[in-house]
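Here the structure is laid out as structure tokens; the discussion comes afterwards.
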Protein chains: 2
Amino acid sequence: MEILEAAAELFAARGFHGVSIEDIGGAVGTSGPALYRHFSGKEALLAEMLLDVSERLHAAGASRVTEAPDAEGALEALLTGQIEFALSHPSLITVHDRELGNVPEPARRQIRRLQRLYVEEWVTVLSELYPSCPPPRLRAATHAVFGLLNSTPHSAGELPRETMAELLRDMARTALTAVQDTAQNQAKS
Amino acid sequence: MEILEAAAELFAARGFHGVSIEDIGGAVGTSGPALYRHFSGKEALLAEMLLDVSERLHAAGASRVTEAPDAEGALEALLTGQIEFALSHPSLITVHDRELGNVPEPARRQIRRLQRLYVEEWVTVLSELYPSCPPPRLRAATHAVFGLLNSTPHSAGELPRETMAELLRDMARTALTAVQDTAQNQAKS
DNA sequence: TAGCGATGTTAGTCATCATTAACGTCAGCG
DNA sequence: CGCTGACGTTAATGATGACTAACATCGCTA
């Protein structure tokens with residue numbers, strides 16, 4: 001929906017509370033209250049936006065993973081999917097990890113659930129690649145990789161898209177090989 | 001200052017516009033307008049907060065780097081400094097890269113300048129380690145590493161602090177070794 | 001001890017904003 | 001033709017919130 005696109009840009013730039021219904025309306029050529037024909041309110045709009053993102057990430061991840069022949073392939077698929085999304089929709093990525101707190105409760109739980117599932121997809125794949133690594137460590141590593149990949153909005157335009165995608169993929173893949181290096185510290189404690 | 005600490009927590013949790021002057025006052029035991037004895041306004045408060053963070057990061061980075069014997073040591077110092085800061089002040093980190101847009105213009109430029117200087121410290125050190133890498137690529141890699149290190153607020157409590165610090169350091173260090181792998185692609189294009 | 005400067009307090013004031021009301025337009029279809 | 005439902009529009013309305021005013025308190029020092 002065009003409205004959600006525009007709202008994402010605005011939310012990413014100024015934050016949920018920094019954007020008025022008028023602003024969003026203005027961005028799509030209508031004025032203000034027209035949006036209530038499409039969304040029951042500002043928070044509902046945000047909820048739908050985040051729900052959609054979480055679903056897309058989770059679903060894309062799931063399908064890519066089950067299609068992969070082995071764990072390495074699955075990781076590759078997850079990386080590619082996340083990078084693709086992050087490069088294509090930087091503002092959605094930004095809003096997705098900033099504004100969960102502004103989603104009202106029925107939807108918030110569901111979004112959290114999808115996010116958790118998505119993280120667990122990564123953790124499952126990583127568990128297979130690094131069986132000696134305890135899951136909490138893999139979870140932390142996963143969040144770190146998300147941070148790395150989602151840095152995209154901060155370095156927009158520094159590099160051509162394909163180059164950027166490769167750089168991120170290489171850095172992420174390489175970073176993950178470090179996850180077991182100090183695993184002994186974790187195991188012995 | 002206690003006020004800035006409290007405000008940072010609140011801004012990190014709900015965003016600049018999602019926090020009222022009353023909220024901040026309440027968090028430090030006074031009520032609302034008392035804050036105007038210490039700051040000329042809400043935006044000025046944010047400006048001071050971000051300016052302070054940028055200065056601390058930049059200054060700490062600079063001093064650590066000049067003390068280091070070689071480029072490897074300098075990178076190590078930068079990593080340690082950033083990780084230390086990110087683990088100690090997660091909400092400042094969060095606010096620092098979310099709310100620049102809400103800082104009014106005289107101060108914004110200065111914060112941007114400090115941020116740029118800080119990034120350039122990293123790029124300079126990395127240039128020494130990977131001379132064949134063009135600076136834009138190193139800049140993108142630096143932002144990616146920041147993203148990785150600043151993932152801390154998202155994985156709070158998953159691991160004990162020391163373990164987390166080591167994991168982040170190892171992942172970041174390792175990720176950076178990937179920066180030259182595909183550098184040929186960049187060089188030949 | 002009188003006065004002052006720093007710091008709070010409570011009660012406005014004035015904007016902004018989400019949301020609703022009341023009122024068109026108009027395409028499609030009976 | 002005339003209705004209906006989708007979609008917009010421009011006024012309220014009612015909160016909330018930043019900021020200011022007017023008025024304490026109180027430690028300090030002349």
Side-chain angles (χ1 to χ4, degrees), chain A residues 1-53 91-92 94-96 98-108 111, chain B residues 1-53 91-92 94-96 98-108 111:
Chain A
M1 176 123 41
E2 192 200 358
I3 296 175
L4 289 174
E5 302 273 337
E9 299 291 327
L10 291 169
F11 289 164
R14 310 209 296 263
F16 180 71
H17 295 289
V19 175
S20 74
I21 289 286
E22 270 287 318
D23 292 335
I24 303 173
V28 298
T30 91
S31 237
L35 300 185
Y36 287 88
R37 299 291 174 190
H38 305 274
F39 300 92
S40 68
K42 199 186 173 191
E43 288 181 330
L45 187 156
L46 179 68
E48 181 164 331
M49 180 169 134
L50 294 199
L51 208 46
D52 184 54
V53 172
S91 35
L92 282 180
T94 298
V95 175
H96 182 245
R98 271 180 203 185
E99 308 288 8
L100 214 214
N102 292 312
V103 175
E105 239 328 330
R108 175 141 90 216
I111 294 168
Chain B
M1 176 126 35
E2 192 199 357
I3 296 176
L4 290 175
E5 303 273 336
E9 299 292 327
L10 292 170
F11 289 163
R14 311 210 295 264
F16 180 71
H17 294 292
V19 175
S20 74
I21 287 286
E22 269 286 318
D23 292 335
I24 303 174
V28 298
T30 89
S31 237
L35 299 184
Y36 287 88
R37 300 291 174 190
H38 304 275
F39 299 92
S40 68
K42 200 186 172 191
E43 287 180 330
L45 187 156
L46 179 68
E48 181 164 332
M49 179 170 132
L50 293 198
L51 208 46
D52 185 52
V53 172
S91 36
L92 282 179
T94 298
V95 175
H96 179 71
R98 268 179 207 187
E99 309 289 9
L100 213 217
N102 292 311
V103 175
E105 237 330 329
R108 175 141 93 215
I111 294 169

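Chain naming here is simple, since letters A, B, ... match the order of the sequence lines and numbering starts at 1 in each. The shown structure was predicted, so the numbers you read here are calculated from the model rather than taken from an experiment.
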If you take any heavy atom closer than 4.0 Å to DNA chain D, which residues from residues 27-37 of chain A end up in contact? A/Thr30, A/Ser31, A/Pro33, A/Ala34, A/Arg37

Hey, can you pull the residues of residues 12-20 of chain A with a non-hydrogen atom under 4.0 angstrom from DNA chain D? none

Inter- and intrachain pairs under ring pair (Phe, Tyr, Trp, His ring centres under 6.0 Å), touching residues 6-35 of chain A, at least two apart: A/Phe11-A/Phe16

With sequence neighbours excluded, tell me which residues meet side-chain contact (heavy atoms from CB on, under 4.5 Å) with B/Ala13. none

For A/Glu105, enumerate each residue passing the side-chain contact (heavy atoms from CB on, under 4.5 Å) test, keeping only those at least two apart in sequence or located in another chain. A/Arg108, A/Arg109

For B/Glu9, all residues meeting side chain to side chain donor-acceptor pair (under 3.5 Å), sequence neighbours excluded: B/Ser91

Who are the side chain to side chain donor-acceptor pair (under 3.5 Å) partners of B/His96, not counting sequence neighbours? B/Gln115

First and last nucleotide of DNA chain C touching chain B, 5' to 3', heavy-atom cut-off 4.0 Å? C/dT7 to C/dA11

Gap separating the [atom1] atom of [X] from the [atom2] atom of [Y], nearest 0.5 angstrom:
{"X": "B/Leu92", "Y": "B/Asp52", "atom1": "CG", "atom2": "CG", "value": "7.5 Å"}
{"X": "A/Ile3", "Y": "A/Met49", "atom1": "CD1", "atom2": "CE", "value": "13.0 Å"}
{"X": "A/Ile111", "Y": "A/Glu99", "atom1": "CD1", "atom2": "CD", "value": "11.5 Å"}
{"X": "A/Ile21", "Y": "A/Leu45", "atom1": "CD1", "atom2": "CG", "value": "6.5 Å"}

Comparing A/Glu22 with B/His38, nearest DNA chain C nucleotide closer to 5' gives the residue B/His38

Side chain to side chain donor-acceptor pair (under 3.5 Å) pairs, two or more places apart, involving residues 19-47 of chain A: A/Arg14-A/Asp23, A/Ser20-A/Asp23

Closest non-hydrogen atoms of A/Val103 and A/Ala107, given as atom of the first, atom of the second and distance, are CG1-CB, 3.8 Å

Closest non-hydrogen atom pair, A/Ala27 against A/Leu10: CB-CD1, 4.1 Å

If you walk 5' to 3' along DNA chain D, what is the first nucleotide with an atom under 4.0 Å of a heavy atom in chain A, and what is the last? D/dC7 to D/dA11

